[in-house]
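For reference, the structure discussed in these notes is given below.
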Amino acid sequence: MEQTQTAAIRIEGMSCGGCVRSVERALAACSGVKVREVEVGRAEIEAVDEPAVAGAIAAIEDAGFDAARA
């Protein structure tokens with residue numbers, strides 16, 4: 001079984017449930033990432049490695065938000 005890491009991501013530009021769903025969809029499409037929680041302004045994921053975390057952040061940004069590891 002692969003060892004995963006938990007990562008908290010700070011997200012700017014979210015304001016509603018629609019934003020939460022957009023981020024959830026973006027993260028669900030990321031390989032090596034499991035969504036633990038998404039709420040306005042933040043997300044918590046489990047990732048297989050650091051490149052998976054970077055991919056999750058990029059996916060959130062592609063969805064139209066500013067994101068960075070918290």
Side-chain angles (χ1 to χ4, degrees):
M1 184 173 165
E2 290 186 73
Q3 182 68 27
T4 61
Q5 59 177 306
T6 300
I9 301 171
R10 185 184 71 252
I11 307 168
E12 295 181 7
M14 296 176 73
S15 61
C16 64
C19 296
V20 170
R21 287 187 294 280
S22 292
V23 170
E24 287 173 339
R25 278 194 302 273
L27 291 173
C30 293
S31 178
V33 172
K34 179 182 174 190
V35 180
R36 292 186 63 174
E37 180 180 23
V38 178
E39 57 188 40
V40 173
R42 66 178 295 279
E44 187 173 300
I45 62 170
E46 289 181 21
V48 295
D49 55 21
E50 206 54 43
V53 175
I57 290 170
I60 293 168
E61 291 179 337
D62 286 347
F65 305 97
D66 291 325
R69 193 155 184 168

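These numbers come from a predicted model, not from an experiment. This chain uses plain numbering: 1 for the first residue, then up along the sequence. What you see below is based on every heavy atom in this structure, not just the backbone, and it leaves out hydrogens, waters and symmetry mates.
- In terms of heavy atoms, Ala43 sits closest to Leu27 at CB-CD1, 4.1 Å.
- To the nearest 0.5 Å, atom CD of residue Glu37 and atom CD of residue Glu24 are 10.0 Å apart.
- Between Ala63 and Ala26, the shortest heavy-atom distance links the atoms CB-CB, 4.2 Å.
- Residues Ser22 and Phe65 share a closest heavy-atom pair of CB-CE1, 4.1 Å.
- Linking Ile, Leu, Val, Met, Phe, Trp and Tyr whenever their side-chain heavy atoms come within less than 4.5 Å puts Val33 and Val20 in one cluster.
- Considering only heavy atoms from C-beta on, Thr4 stays 4.5 Å or farther from Lys34 through its side chain.
- Heavy atoms only, all atoms of each residue included: Gly13 and Cys19 are closest at O-SG, 4.3 Å.
- The two atoms that bring Ile57 and Ala68 nearest to each other are CD1-C, 4.2 Å, heavy atoms only.
- Residues Val23 and Val35 fall within the same hydrophobic cluster, defined by Ile, Leu, Val, Met, Phe, Trp and Tyr side chains chained together at heavy-atom separations under 4.5 Å.
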*Evaluate side-chain contact (heavy atoms from CB on, under 4.5 Å) for Arg36 paired with Thr6, printing each intermediate quantity in order.*
CA-CA 9 Å; Arg36 292 186 63 174; Thr6 300; 3.2 Å; yes
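- The structure places SG of Cys30 at 7.5 Å from CD1 of Ile60, a figure rounded to the nearest 0.5 Å.
- Annotation for Arg69 and Ala7: closest pair NH2-CB, 3.6 Å, computed over non-hydrogen atoms.
- In this structure, Arg21 places its CZ atom where only 12 or fewer heavy-atom neighbours from other residues, nucleotides or ligands lie under 6.0 Å away.
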*Please assess Glu39 against Met14 for the test side-chain contact (heavy atoms from CB on, under 4.5 Å), listing each intermediate value before the final yes or no.*
CA-CA 9 Å; Glu39 57 188 40; Met14 296 176 73; over 6 Å; no
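- Atoms CD and CG, on Gln3 and Asp49 in that order, are 12.0 Å from each other to the nearest 0.5 Å.
- In this structure, Glu44 CD and Ile9 CD1 are separated by 9.5 Å, a value rounded to the nearest 0.5 Å.
- For the atom pair CD (Gln5) and CD (Glu46), the distance works out to 10.0 Å, reported to the nearest 0.5 Å.
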